[in-house]
> 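Below are the structure tokens for one structure; questions will follow.
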Amino acid sequence: MNKNINIIGIQMDLGAVRKGVDMGPSAIRHAGLLFNIKALGFNVKDMGDVVPAVTVDEGNPKLRYEKEINEANDRLFSLVDISYRTGNFPIILGGDHCIAAGSISASLNNHKNVGVIWMDAHGDFNDEKITPSGNMHGMPLSALCGLGPDSMVGSTDKRVNPKNVVIVGARSLDPEEKIKLKENGVNVFSISDVHTMGMAETMNQAIRIASEGTDGIHLSFDMDALDPSEAPGVGTPVPNGLTLREAFIACEMLSKSEKLIAIDLVETNPLLDEKNRTGILAKELILACLGSTNY
Ligand SMILES: [Mn+2]
């Protein structure tokens, strides 16, 4: 794979009610991310963080903090875009999951077609019409597929084909969101599917689906895909999640596929964590995606 890596942080927590995921990039860096990536034989350059504006005026209750989120995502888009244009492989540290609207927009801008593997307890497929909360971290995947909110993906005209999107580990989907996912042909491997088929078979199918007719896979990894007993420091914990081994199998298989073009690692919340356990785990999962193995 590309031996030149860029790290880009975004201290975003406006997409969710619970605060603290803005400190995620720092927690993952303090786990030794740059040092460990370098030790794997990569050149690594840290491009620093995007810092969103701070406000207490949430604006539209169906799209809370829309203006500030989109403005920060525009800046993230520019950094990820520069990373691609200078021949690097971007790794984006969140931040809540709404940052994927900015990062994946930049992937779309630099590739003809992009497949997406979305590791998550949630679908993030709501929009301004069906959202139960108005929290924008529940909407980026819908926006990227061209299904709203459009303002969230204003940096590019290109969209992801839902047929090349795979959600893995889902177990907390809203009723209308489920219908919308089915209607639009998004591939969802719920936690039940993972446990029935096994993670290896799940990822075989996920990588095939996300690669079909695309130039590569943008992995968007939400730490809440994991079980809270393994990853307690996350924005929105949901019981019955992926085991450590399942998460590592997914990342190791993505590395071996050589299809990855970018990685988002999101929703690490140091306020809820235990001695940076989740930050360290996030770092280890990134390393596994880059080819780190036990043997
Ligand atoms: Mn998410």
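For ligands, and for the atoms within them, numbers begin at 1 and follow the listed sequence. Not measured: the values here are computed from a predicted model. Nothing fancy with the numbering, it's 1 onward along the sequence.
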> Quick one: does any side-chain atom of D124 pair with a main-chain N or O of P140 as donor and acceptor, under 3.5 Å?
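Absent.
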> Only N/O/S atoms count here: what is the atom of H97 closest to the Mn ion (ligand 1) called?
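Per the distance ranking, H97 contributes ND1 as its closest N/O/S atom to the Mn ion (ligand 1).
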> Considering only N, O or S atoms, which atom of D120 is nearest to the Mn ion (ligand 1)?
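Result: OD2.
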> By atom name, which N, O or S atom of D222 is the nearest to the Mn ion (ligand 1)?
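Result for D222 and the Mn ion (ligand 1): OD2.
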> Go through T214 and N164 one step at a time and tell me if the side chain to side chain donor-acceptor pair (under 3.5 Å) criterion holds.
CA-CA 8 Å; T214 70; N164 292 125; 5.4 Å; no
> Would you say T236 and D224 are linked by a side-chain donor-acceptor pair, where the criterion is simply a distance under 3.5 Å?
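Not at all, the side chains of D224 and T236 share no donor-acceptor pair under 3.5 Å.
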> Donor-acceptor check, side chain of N2 to backbone of G87, threshold 3.5 angstrom: yes or no?
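Judged by distance alone, yes, a pair lies under 3.5 Å.
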> Report the name of the N/O/S atom of D124 located nearest to the Mn ion (ligand 1).
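Distance check against the Mn ion (ligand 1) picks out OD2 in D124.
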> Under 2.8 Å from the Mn ion (ligand 1), is there an N/O/S atom belonging to E267?
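Of the N, O and S atoms in E267, none lies under 2.8 Å from the Mn ion (ligand 1), which means no.
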> Parallel, tilted or perpendicular, judged at 30° and 60°: which one describes the rings of Y84 and H111?
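Aromatic pair Y84/H111 classed perpendicular.
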